[in-house]
Each structure stands twice: as C-alpha cells, then as structure tokens.
Amino acid sequence: MRLDAVAAELRPRNSWEATDLGATMLRRWPGPVYRAWFALALPLFVLLHLLCWGHWWLVPWLLWWLKPLLDRAPLYVLGHALFGDVPDRRRFWRELPDLLRCQALAALTWRRFDPARSFHVPVTQLEGLAGKVRRRRLRDLGQPGRGPAVWLTVICAHLEIGLDLALIALAWMLIPDFVDLEWYELLDDAEPWGQLWLNAVGFCGMSLVEPFYVAAGFALYLNRRTWLEAWDLELGFRRLAARLAQTRPAAVVVGLALGAALWVGQPSVGFAADAASDGDLELDIVKMRCEQWRTRVAELADSTDPVQRALAETLRDPELRACVVEERWRWRDRPERPAVEKPVADGALARGFAAGVEYALWFALGLLAAVAAWRLWRQPVTLRGRRPRRVLAKPALTLGRNDPTAPPAADLGEAAWRLWTAGQPREALRALYQGSLAGLATRHGLPVSPSATEEDCLRLAAARLNDAKLLEFFRRLTRVWQATAYAHRPPDETGARALCAEWPRHFVVPAGSSP
Amino acid sequence: MPNPALLDTVRHVETPEGITLKLRVAGPMARALAWGMDSLIRYGALWGLSMGLVLLGWAGLGVWLITLFLLEWFYPVVFEIYADGATPGKKALGLQVVLANGAPVDWPAALIRNLLRAVDFLPAFYGFGVVALLVSRDFQRLGDLAAGTLVIYRDPPAKPLALPPGPALPPPLPLSAAEQQELIAFAERGSVLNPERQEELAALLADCTSGLRGVAAVERLRAHARWLVGERT
Amino acid sequence: MNAPSDAISSTPAAPSDDQLSWAWDLLQNLRDAIGQALIGQQAVVDQTLAALCAAGHVLVEGAPGLGKTLLARALATSVAARFARIQFTADLMPSDVTGHALYNLRDERFEIRRGPVFCHFLLADEINRAPAKTQAALLEVMQEGQVTIEGESLPLPPPFMTLATQNPIEQEGTYPLPEAQLDRFLLKIQIDYPSPEEETALVRSVTGGRVGDTLDLSRVRPVADVAAVLELQRIAAHLRLDDAVLNYAVRLAATTRAMPAFAIGAGPRGGIALVRAARAQALLNGRDFVTPDDVKAMVKPALRHRLTLAAEYEMEGARVDALLDELLRRVAAPRV
Amino acid sequence: MKQRPFEQRHAADWRAFAATLDRLERRKPDRNAAASLPMAEFPAAYRRLCQQLSIARARRYSGPLLDRLNQLALRAHQQLYRAPRQHGRAALDFLLVDFPRRVRADARLFWLCAALLYLPLLGMGVAVHQSPELIYSLLSPESVIEIEENYAPGQEAVDRAAADDLAMFGYYIHNNIGIGFRTFAGGILLGVGAAFMLLFNGVFIGAISGYLTARGHIETFYTFVAGHGAFELTGIVLAGVAGLKLGWAVVAPGRRRRTDALRRAAAEGVRLMIGVAALLVLAAFIEAFWSSNRAVPAATKYAVGGAGWLSMIVYLGWAGRRAP
C-alpha cells in the first residue's frame, strides 16, 4: 500500500458520509469490482444449481450462506484500487485461491452472523489478523464504528429484498397480458422453472447490493482508521519529511516501507491500552503481541534488504488506542405497523360531525367563488391580463396637446396676425397650425391622433384630401411651422402675412353653407 | 485546495459573491434511515388518528382518507418548505434538502421532488430511486434530478478546537501553507489521537523536531503549531 | 426679426450653411456608394449612416445571407478607412481581439502585438458565437475607445465604429449578449428579407457575368476620408435641437419604464442614444434642425435592444417592435 | 496575519452574525436578539463573511475554522437566496390568469392528451354498448355486478347520509388526486407512464359507461357523472399534459442537457399540477356532495353538468387573455 497514492480524499467524516464514500468508490471502479464479483458469483450460481439438482430451493440459502466468501472479491479489488493499483485479471485469478482459503471456516460459521460483518472483514482480509489479536483489534476499532455498520447490514438487507420485489414487479409490468402467464405462477416455487426464475431474481438483487455493501463497509473501516490514526496527517507529514530530507532518500523509502508493513498485516500500527480507560487489558495478549513484535523486528533487522533493516530501526512500539464518545439515537423498540380499524358506529356524534364538515366545505366553496367573483369585478382586467394594464399614465398622453375636436374660430387668421405684430411669431404660427389641424379633423374628418407628428399629419392629409390647393397650403404651413418651432427660424413678414390671409380661405365655412 | 482527482462526496457551489460553498451530499444509507423514520412517524400518526376517528364512523373514514392523502403526498413538502428543508427523519440524521445552488428549496422544487416520489417508488420499494441514487453523481433520485435538488448533511456548527496551552516556538524552517495546516491540525487533534500514535507521527518529522523523541517531539510540534496559529507566550 | 422666445439647446459652434450643404452632399454620395453594393435595404443603409454620423456602434441582426457583412465592407470602402473583420467563434480568445504582449527573445523585451481592433471600422461577425469573456473584451474597447495590454493603454484612432452582426438568438450555439453590454450599441438594426423586386435585382447583380457567388465591392468607390467622417460627426453633433423635441425623446424613453410589458425599460442612456440618433437622422434628411419625426424614426433602432420583455408578455409571444409601435401611438407628439 | 489573531479580530462579528442567523431561522427568538445585527446590515455582513472565508481558505487556516465559516456562509446564503413566499392573493391570481395561460401555451399537448383519453373512451363505450359482454375482459363479474347495483334505478328516494358523503369525499380525494399525481410522475418514464394512465382511464370509463348505457341505467348513471365530469376529466387530461412534458424533455431535450431540459419541464409541469389538484379537489367535492344527491331532479343535474363544461371551456380558453 502506498498511502501517498490513495485515490480518495482522506479526512475524518461522520459514519454516513463514510458509507457515501463507499458508494462513490463503487461508482469510480464499477467495471473491475463487478467483474470480480461476477467472476466468482456467476459460476457459483450455476454450480449450485447443478449440485442441488432437484432441490433448487436450496440455492438461494446456500448463496446467502456463502456471501462472506463472495464478498472477498470486490473487497480485494477495492482495497487495491483505492491505493492506485487496480488489479488486473491475471493477478486476481492468481491470488484468488489464497483469498478464499484465508479463515474461510470462521467466516462461514461463527462469524457468518456478525451483524457488522462488512466493517470487520477488512481487518481479517486486508490486515490478515487472526485470533485474539484480531478480537482485540476489532474491539478497539469497532466500538463507535460498529453501530453504523450494523445499520448498514440492516439497510442493505432491506434494499436487497426491496430490489428483488422491484424486479419481480418490473417483470410483471413488462410481460404483456396476452402471454398466458399469471404473474404469481412465476412465484410458485413448486414449479422448477418458477424456482429458477426466483433464484435468478434473487441473484440479481444480491449482485446489485452486495458490492455496495462491501464498499460501504470498507469505507467505514477506512474512516475509522482515519479518525484513529490520522492518515491524512501522516500523508502530509510524509510529504514534508520527504521534502526536508531530499538529501537523504532513505527516509522516504522508510516511510513507504512502513506503509507496506502496515499493509502486509503486521500490526506496526497497533492498538494499546489507554491505561486510564482500559485497565482490563489481559496480560497474555500484551505478552503475545510484544513477542510477535520483537520477532518481527528481529526478522527485519536480520534481513539482507537495506530497506527492511531501515524499517526495523524506525519501528517503535506503535500501540494505539483512542476513545471517542459519540451519541446516537437508537430505536428502543419498533412500534407496530398501524392497523386501521374499520369504522363501526354511526352515532349522533359522527352524524353531527359529518354534517358539520359538509356544511363547512360548502361554505368554503361559496366563499372561494365569492372571492374570485369579487376579484374579477373589482379588477375586471385580471381576466385579461396579469396586472391591470396601466399602459401609460394620463399625463404622458395629454402633455402638450390640444385636442382638435372643436372647429377652429373663424377669425383665427386675424388673431394670428395680431400675435405676429405683437412680436410673438411662434405663437402666431402655432395658432395657425393648430387651427388647421382642428379644421382638418372636424371638417374633413381626418383622424389626427395626439401622437401624430407633423410628418404624420402631412402624410395623412396627402392620403385623404382631394383638395390639391388645401393640401398645398397645409404642406407650406407645416414647413414654415417646423422651421419656426424647431429651428427658431420664423418666416419673413410677407410670408407670414400671406399665410394668415390665406388661412380663412381654406378653413372658414362661408356663412349659410352647412358644415 | 482539494484535489479534484480524489474521490469525495463534496459538491462545490459557487455563489454570486464569488466564494465556493462546500455541500456534503448525502447518500443512500442516511436517506434510507431518514425515510424509515418518517414512515414510522407518518404511519404512527395515522394509526393514532384512526383510534380517534373510529368514534366518528364513516365520516371519520373520510377524514382519515384525506389525512392519508395529505401525509402521503405533502408531508415531506410541508416540512421541506417550513422546517429548513428537513422532515423530522431527515432532521434526526442531520440531513437537509437544498437546491443545487445551495439555496433552500422553494415550492415548485419541493412539489416536484415529492410528486415524482411515485416514480422513484416504481416498480416496488424505491427500485428506480435506489438505482438512480447509486448511479447519479450527487446521489440524486429521479425526483431530485427533475427538481434540481440535493440532500446534504447539515451539521451543527463545529466547535472551535482549542490548542493545549503551552509555549510557542517558530518552526526551524519555512513551511508551505499546506504543511502549516497539517501541523496545526496535528495539534488540534491531540485529544482524539492517542499519545503513542502522536509520537509515531511526530517521529516522521525528526528534521523539524531537531531529533527529539517521544513526548518531547510531540510537544515541540505543538509549540510550532501554536506559533503558527499566532499564539505568543 | 424677433429673437427666439424659447431656449435653444444648440451650441455656439453651429455649422454654417456651406458646411451643411457639404455634409448633405457627402451623405448622399455615401448613400449612393453603399447602395451600389447593397441593393435594397435603404432603411438599413440610412440607419447605418445615422450611426456613423452619431459616432455610435451598431448591432446588426438578421438571418445569414442578408448582406450584413457586405454592408460593413461597403461602408469601409466608401470611406477609405482602415477596416478589420473578426469572425467570432466559440474558441476566440480576448487577446485575439485586442492583441497581446509577446516576448521578443532577441531584444529581450516585450512587444505589443496589436489586435484587429486597431482600425476605423471593425466588423465583428456573429458576435454572439463567442463566449462572454471575448464579447466583454470587445465591448470594453467599444466603451472606452482604448485597449489595455499588459498595463499599457493604447488609444484607438478616431473614428472608431464597430459593426457587430448577430444571428437571431434562437439559433444553435449562440451566447446571448448581456443586457448591460447591449447598451453600448447606439443602434440595433434589423435586416429583414428584401422585397421581391429588390431580391430580383440582388440575384441579377450576383449572377450577372461573374464567377463565384460573392458580392463584389468593385463598384464602390471611396467618396470620403477619415477627416471627412470626423467633420460629419462634428456637424451632426451640433445640429439644433429644440427643448420640445428633447422633451419628446426623454418622455418616450421614460415611458418604456412605466410600461408593464417591459421588465427592464430604457435607462437614461436610452434617451441619450435616441437624441444622438435623431440628430444624425435630421442631417440625413437634409435638415439643420431636429424635428419630432427624426426622433420617431429612431425609436425602434435606438431602443429595441435596451428593453427586456416581462415574463408573462414573453410567454404570450409579444414582440418588442410591436410594443414600441404601441408606445409611439400612445405618447403625444409635441405639436404646439 | 496568523490564524489566532484573525479569529480574535473577527470573533465578535461571527458571533453577532450567528445570532442574526439564529433569529432569522427562528431558532431562538429572543435570547440573542440583542446581539444580532439590524436587518439592513445583514447583506453587507454576509459579504464581509464571504471575504473572510476566502481569506481563510487562501491562507489555509485550520479545518475546524474553515468548516465553521463555511457553515455560517451556507446558512446565510440560504437566508439571502430564499425564494419569496407566495400568498393567497398570488394563488388566486395564479388560478385566474396564469394557469389557463399555461394550458393554452401547451395547446398541442393538451389536444394530444385529450385524444389519448377520449378516443379510447368513446371507442370502448361504443364497443361495450354494442356487445356488453366485452366488459368482462376488463372487470371481474363481481365488480360488474357491484357497479350495476350502484346505478340500478329505483333508489332515487334514498339519499345518502352526510357521513357517507364525507367518506366518499375522502376516498375521491385520496384516489383521484393520487391518480392525477401518478400520471404526472409517470411521465418521466419517457412519457409512457402518463400516456398509459390516460389510455387506461379512457378505456375503463368508456367500458363502464357503455355497459351501463346498454343495461339501461341511463338516468342514474349520467345524472351522477354529469356534475363532476368536466372537472375530473379535464384534470386528468391536464395531468397527462404535465406528464408528457416531462417525457418529452427526456426523449428530446433539444439543445439542453437532459437533466436541464427535465428540470425546466418539471418546473413548468408542476405549475400545471397545482391547477390540476385544484380541479380535482373541486371534482371530488362535487362528486361527493352534489352528484350523490338523488333528491335533485335530473334536469337540474344535467344543467349543472352543462354549466360545468361551459365554464371549463371559457376558463381554459379565455381566462387570462390580454385585451386585443
């Protein structure tokens, strides 16, 4: 194992997050993990059917029983892949026999019913511990990590059953009706094919869940060790030490070799008594471990390999024990699933209640209708648009506008001339122009809108008027007005006089003729 | 900064203020447990209600059915909107539903993710939901995908860890920011790691501790950490 | 003659009659020159010339193949100014637009490589195909009139005019320009399909006795130079503007903010743009003063890109141009 | 600056900020009120915190401090970017204006869904009317007998008790709205779920109506379904519309990523579902309290039913339209 090649972010997490990391690991290496799983499980599935010919109902039970062995394949892959070493097929097959043989009996008998199995298996399989050392180690490792691991087992068992049922339901949904097959026939285990089908479903459900179960348990184990042994810090310190000791490469080698030792299973990082909290440490275990330790160090020191000798020098008594208090909720007992009792009585109370509710509902409906109606009535526009369409405020419409609704005064020409002579040329021309528009609107029916500009009015007049003289006059007037109003260039006096004089000719109705 | 190549369950969300918030996305285990608790609460409530409603006869059945309907579809919605994105079960497990950008769920999102529960439940017992949860990047079931929501861990604010009191010493050589962070973390986690393990870790840094061994080395590193966080004695 | 009674918003440097008639002639020549290449689309040519006179940038939107590129080239050719074209693509980098500093190994110092923006007429083709950061680089240049490379500010030689084209935003692979940056274009010109007669002329001119299918600019002759353009812009900026007309323009812009159809109305910059464009329009119309009609003619190009439809109107399929017509119908003209 | 002075300098700020968050989250309404910030300063304080978090990250301060600041920032982010709560008035406006508009915006899907419901309904109705034994392909003989008994004539005088009505109301709410919701949700399965629910309901309703018509229980049956039919059938069609939107987004996401397209479609679909739920509650109410009332003369019932259809058409066709 090379801790510096670890492919996951190491940091102390809470237990649920650790199982999530397991799911993430599975998602990262689905191919190798599932290949390893099926490489072992599929032949076994077939083999069991052959062995139990005629008693196929036994197969799911046997499969279930053999799960601890099957689990070893995904754990093997994950354990290597996490440290940057995804095992290839050949190595997997080469190491498989050892993998399966190691403590197989224990795994299939008394440890089969360990509810925190997924959490404990890495200790056996990856660290290779056995016997009292293993127990001791599990106890140290396990206390706060055990609870979530048990929950993990419970939830995964439910997930597996749920997925089995889901698969059956899916098949039922997908089988068209005209296939003359009642779906419960499929569940009829008296039929051999029904049994085979059930076994296959169970196998699929197991295959979906079991690698996840293994990965989550492995992640729980990793997380626990990160808590207890500060792997993240170790990683950082190694890097720092390597940087500091660039002149002494041996230190790096020692560091990595230490990691290797940890991986091959010697408890270089072990668990020792915390005297304050753990007085009941049995003497023989300590003795045994010390002995084991001394032998190991001696072996290393005698070795010809310089790396191992260096390792022996650095190894020290590595016992480790930490205690974390974690509070959690625990079900005391599960309440019964509610059974709904059929209502029995129709007493007076019930009748009154029902009538009351009904009236209340009628009332609510009426109220709702009334509110909606009121809303529509008060703001009738609601039905026509989300907000009342206050498109434009009134002032914007009327600013600077004289509505040309009334006919112009008959003496406008004279009035304009008077303004001109009084030194107000702009006012004079405004009067003339406004008067003309009023005349066009009232006498010739030109729909002059307030928003029309001078050119708009002119275009309108050109389109609607058939009196060429009037049009010519209006065009001339418009030009003069534009120059006066916007360029402040009033016409000369003769021009103004001519306009004033000509105006009545076009816009004053001769007396006696009807408008 | 976190190495993106490393496996992790954290999702980074950039806020309009230009900072990155870390959301720790919650996976199947915690969510399944929360769902189990919620189911117990729901069916417990229905059971309790049926005890009372029995007195009302058929009318009671009507009320009971309406309650069943409301609990079935809107129990999570109401809690997610009005109780910080967490049903009681989620709250017990420290979970929270948020939008993918870290904002609290709004009505449409809460409705979508809970109406689509009906599909996640298919073909039976959350078959689609579980598969989607395991396959999708951020542990989202179909309802979460459609609503754009995440379920995250919402921890109680972490208590600041105090360093054990003592002298402060400058480190004998310049350290990078990451290395400083690790030294400080080492001192802060003194209460979690056992002494032997600490000594072992300290031994890795013999160059920093000028060859001290054992407890003395640990103490020296702590002193450096105190100096690094800015404590002066 | 009596002195004008109302205040006049004109400046002391009002253009003389000679200058005016020179400007009108020049504009007519420009119009003809561009019209040689771009057949039909008189309104588009006029609006582009208006933007030129008002020293503003334009954003041209229309389906591919309607002569957006040709318009820009013809304008540049007829003015005899430096012209550059940038085809915006998804992988275009900001430094491809503005230029960058290059380390010269022989001299051992940095050299500034000027990007294509150092020109008078810049055609930014399909601007909405580039990601936001590249758009932003160009839009910064447009606003500040200078380029900053490695801390060194390099002013662009006036006149500097950007003609950006964009395909309708519904098209695939486009990054819409952000609203705040759209503001930097004086006008947004909409090119529609030409009328059948114009299209016939177009097809004839393309296929008549030439190989290939590109429109050529050989018939476009330079009729002005850079100095003439600057003078034109000076004259346009000093045209007479009566308070009533100014008031009309401001009212139009402000009313867009009161219309519920728009989530975002035109800001003060919208009003300013409208007035600048109206001045240019007046010059194009051969007048030396601005009338309300000039304002009215420029409302759509000057405002349409500064408005954002409210969600519910967008949902019902309302269009900005139709709503601007509505605005023009509703706001009273200053006819007093 | 080292970590400890940094902490000391900002500790008071962070405490006040945390107190403000507590108040906003209504955890501790009063106790820390004095320590918390005025609301107007909250956004500025949040930006300060963001800056401090960035600084702390850049300087690699220790994990617990970063976690604490991240947590504060996350909580504040959730307070600031909370969607505004909608109120009753907005809900009414939604039903009066927005909902029919959305339905019209999806007119083509609406007609498709209507066809998916009504064509099988009519086809099956006619087929079963012609040969009533066809119904046994759908229903067991026991259910057929039960249905027939329910609508057998001669029970006109017996009015159902209020308690029964209420029970039925609960049943319709639980069942029919549940069906509506499932139709929507089923849409995500490439639209198949939604289409299936529409077809299934169409076939089923058609078969029963055809059968009862053939058996001559015309008045009892049609007076019963007249009242709520408009709302219930339209509600189911609209649930189908919302469901098919989901399915379409998954099948043909266009230029978006599939999840993004799905998210958009779901956001639109769920707004339709709010209206659907309202329609189905109304239908359940009418079905339970009005349709079951056999004291009302048949003509009145048909009139009310017709009025229901008319109001449905006017509502979906014209409500919320803008004036021309």
Side-chain angles (χ1 to χ4, degrees), chain B residues 1 15-23 56-69 72-73 84-85 98 101-104 106-109 111-112 115-119 122 142-143 145-148 154-155 157-161 177-178 180-181 184-185 188 227-231, chain D residues 1-7 18 25 46-47 50 53-54 57 59-65 67-68 70-74 77-78 81-83 86 161-171 173-174 177-178 181-182 184-186 188-189 193 246 259 262-263 265-267 269-271 273-274:
Chain B
M1 269 287 104
T15 71
E17 291 78 18
I19 59 164
T20 326
L21 291 178
K22 291 182 183 176
L23 304 180
L56 295 175
W58 285 108
L61 180 65
V63 174
W64 190 84
L65 281 169
I66 294 174
T67 319
L68 175 65
F69 167 77
E72 198 175 323
W73 294 99
D84 287 330
V98 293
N101 61 6
D106 49 8
W107 273 101
L111 280 172
I112 291 167
L115 290 189
L116 287 180
R117 211 173 263 284
V119 169
L122 289 177
L142 296 177
L145 285 172
R154 176 177 188 156
D155 282 359
K159 286 183 219 82
L161 288 176
Q180 295 184 12
Q181 197 176 23
I184 296 169
E188 279 176 340
W227 191 87
L228 286 174
V229 302
E231 281 181 9
Chain D
M1 191 188 295
K2 301 278 183 194
Q3 176 175 341
R4 200 64 82 210
F6 182 80
E7 278 177 276
E25 290 162 358
Y46 172 58
R47 277 195 294 278
C50 290
L53 174 58
S54 310
R57 281 222 182 104
R59 292 187 187 155
R60 305 268 194 142
Y61 289 155
S62 78
L65 176 66
D67 286 349
R68 185 175 161 211
N70 186 63
Q71 186 68 16
L72 279 180
L74 181 58
H77 179 71
Q78 297 191 344
Y81 294 95
R82 187 177 285 283
Q86 304 262 315
D164 290 348
D165 285 348
L166 193 56
M168 288 319 283
F169 181 57
Y171 174 75
I173 291 265
H174 176 247
I177 304 184
F181 286 172
R182 283 189 188 91
F184 169 60
I188 201 176
L189 306 174
L246 292 187
T259 45
L262 177 65
R263 212 171 292 161
V270 81
R271 288 183 168 84
M273 286 314 292
I274 296 171

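Per chain, numbering begins at 1; letters A, B, ... match sequence-line order.
Atom CH2 in B/W73 sits 4.5 Å away from atom CZ in D/R182 (nearest 0.5 Å). Once rounded to the nearest 0.5 Å, the distance linking CD1 of B/I19 with NE2 of D/H77 reads 8.5 Å. Taking CD from B/E72 and CD1 from D/I177, the interatomic distance works out to 11.5 Å, rounded to the nearest 0.5 Å. To the nearest 0.5 angstrom, D/L166 atom CG is 9.0 Å from B/L56 atom CG. The CH2 atom of B/W227 sits 14.5 Å away from the CZ atom of D/R4 when rounded to the nearest 0.5 Å.
Nearest approach of D/R271 to B/P108, heavy atoms of both residues: NH2-CG, 3.3 Å. In plain terms, the two heavy atoms of D/H174 and B/L68 that are nearest each other are NE2-CD2, 3.4 Å. Taking both residues in full, the closest heavy atoms of B/E188 and D/P64 are given as OE1-CD, 3.4 Å, listed atom of the first, atom of the second, then distance.
Residues B/L145 and D/I188 fail the side-chain proximity criterion, which asks for heavy atoms closer than 4.5 Å. A heavy-atom distance below 4.5 Å is found between the side chains of D/M273 and B/L115. In this structure, the side chains of B/N101 and D/Y81 stay at 4.5 Å or more apart for every pair of heavy atoms. Between B/Q180 and D/Q3 the shortest side-chain heavy-atom distance does not fall below 4.5 Å.
Results of the side-chain contact (heavy atoms from CB on, under 4.5 Å) test with D/L246 over B/I112, B/V119, B/L142, B/L116 single out B/L116 as the only residue that passes.
The choice from B/V98, B/D106, B/L21 that makes the most heavy-atom pairs within less than 4.5 Å of chain D is B/L21. When each of B/A146, B/A103, B/A185 is scored by its heavy-atom pairs under 4.5 Å with chain D, the top score falls to B/A146. The candidate from D/N70, D/L262, D/L189, D/I274 with the greatest count of non-hydrogen atom pairs under 4.5 Å with chain B is D/N70. Of all the listed residues (D/G269, D/G186, D/A265, D/A167), the one sharing the greatest number of non-hydrogen pairs under 4.5 Å with chain B is D/A167.
If you measure heavy-atom distances from D/L65 to chain B, you find no contacts under 4.5 Å at all. Proximity to chain D (any heavy atom under 4.5 Å) is restricted, for B/I184, to the side chain, taken from C-beta onward. Residue B/A178 touches chain D through both its backbone and its side chain, counting heavy-atom pairs closer than 4.5 Å. At a 4.5 Å heavy-atom cutoff, the contact between D/L74 and chain B is made by backbone and side-chain atoms alike. In this structure, no portion of D/L72 lies under 4.5 Å from any heavy atom of chain B. At a 4.5 Å heavy-atom cutoff, the contact between D/Y46 and chain B is made by side-chain atoms alone. At a 4.5 Å heavy-atom cutoff, the contact between B/A147 and chain D is made by backbone atoms alone. Within the 4.5 angstrom heavy-atom criterion, no atom of B/T67 approaches chain D.
When the shell of 6.0 Å around OH of D/Y171 is examined, it contains 12 or fewer heavy atoms from other residues, nucleotides or ligands.
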